[in-house]
Amino acid sequence: MIRSVVRGFGASLPKRVMTNSEMEEKVDTSDEWIVQRTGIRQRHIAGEGETTASLGEAAARAALDKAGLTAADLDVIIVATSTPDNTFPATAVNIQNRLGMHHGAAFDVQAVCSGFIYAVATADAYIRGGLARRVLVIGAETFSRILDWNDRTTCVLFGDGAGAIVLEAQEGSGTTADRGVLTAQLRSDGAHKEKLYVDGGPSTTGTVGHLRMEGREVFKHAVGMITDVIEAAFDATGTTAEDLDWLVPHQANRRIIDGSARKLGIPLDKVVVTVDLHGNTSAASIPLALNVAASDGRIKEGDLVLLEAMGGGFTWGSVLLRW
Ligand code: UT7
């Protein structure tokens with residue numbers, strides 16, 4: 001059986017770090033409120049010349065280096081983003097060109113904060129279906145550029161960055177002892193589209209628009225939706241919370257992360273948390289967190305790793321993989 005195995009990983013963050021005390025100068029907020037309600041202490045904000053494509057390119061180069069590969073070895077590039085450099089073409093073709101790759105295929109997927117989960121699921125389907133042997137999966141965002149910097153209920157929450165992994169076809173035995181993606185569970189329900197959206201777009205206002213969120217409403221649904229797709233991943237593979245080495249969640253809010261882990265009986269010392277450092281970087285948050293925990297030696301080859309996310313749409317999903 002063909003499995004999609006992680007061969008390399010990498011990340012890139014804008015140079016500029018913005019602390020909560022700097023936020024206090026912009027809007028009526030406090031470090032205490034932000035830390036207590038979200039766990040966020042700082043975020044990176046893209047400066048001049050830093051874009052979703054430039055951050056994605058840097059993350060991609062780091063992942064290719066780690067894999068010992070070049071762009072010539074790739075078949076497909078998939079970028080998860082809701083903040084593309086342009087309405088079109090896809091940020092993926094922009095990054096493809098920056099990498100000097102002129103073969104294969106490159107395209108974006110748009111599932112907001114669940115984007116990286118959707119992109120990994122898509123890459124895994126391409127690899128298992130025999131359409132590609134190596135897929136570069138990138139989550140890259142510059143949410144700072146779609147924030148309303150006068151709205152304290154949203155501007156304190158988000159940050160910019162990019163992370164990437166290289167997935168490669170390898171032969172497995174078909175059991176959960178295999179390295180690679182073991183299952184992907186995807187869900188969406190557009191009935192919730194007004195709870196987290198951008199109030200502009202090419203076909204409506206002709207403008208880019210700003211992020212709008214009913215935070216409390218999103219929060220209310222988050223833990224239930226996350227635990228639903230995690231339980232679905234356990235059911236699909238016959239695994240349990242006890243088998244997990246690491247939970248690498250989407251990093252939106254420390255309270256959502258802790259609440260989901262508690263509900264599933266996953267000890268907090270098995271949960272990778274980077275929301276304090278990066279804020280919510282939407283589709284970039286999981287690959288950024290993977291990069292931190294794999295670089296510092298926490299996630300090791302053979303570890304059972306569960307990824308999950310929930311966000312605008314609503315979309316939600318999980319990926320269970322052996323590193
Ligand atoms: O990644 C996509 C998914 N997104 C999420 O997962 C976000 C989900 N939602 C959340 O994380 C939380 O709902 C928030 C962090 C956005 C808000 O936390 P909360 O505990 O739900 O607060 P709240 O919205 O109920 O607001 C509580 C109070 C309000 O004041 P009143 O009405 O009680 O007087 C807000 O006006 O906090 C006020 N408030 C703030 N105060 C200081 C809202 N934003 C701020 C702020 N600084 N930045």
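Whatever order the structure lists ligands and atoms in, that order sets their numbers, starting from 1. Keep in mind that what you see is a predicted model, and the values were worked out from it rather than measured.
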Enquirer: What does the 4.0 Å heavy-atom contact list look like for ligand 1?
Expert: Asp28, Thr29, Trp33, Arg37, Thr38, Cys113, Arg152, Thr153, Val156, Leu157, Leu196, Met213, Gly215, Arg216, Val218, Phe219, His250, Ala252, Asn253, Arg255, Ile256, Asn280, Met310, Gly311

Enquirer: Tell me if a side-chain donor or acceptor on Thr227 pairs with a main-chain N or O of Gly224 at a distance below 3.5 Å.
Expert: yes

Enquirer: Centroid-to-centroid, Trp323 to Phe9, below 6.0 Å?
Expert: yes

Enquirer: Using every non-hydrogen atom in the two residues, find where Met101 and Leu74 come nearest and quote the distance to one decimal.
Expert: CE-O, 3.8 Å

Enquirer: Is Arg152 salt-bridged to Asp28, going by a charged N under 4.0 Å from an acidic O?
Expert: yes

Enquirer: Just how far is it from atom NE2 of His278 to atom CD of Gln251, taken to the nearest 0.5 Å?
Expert: 8.5 Å

Enquirer: If you compare all heavy atoms of His210 against all heavy atoms of Leu147, which two are closest, and at what distance to 0.1 Å?
Expert: CD2-O, 3.2 Å

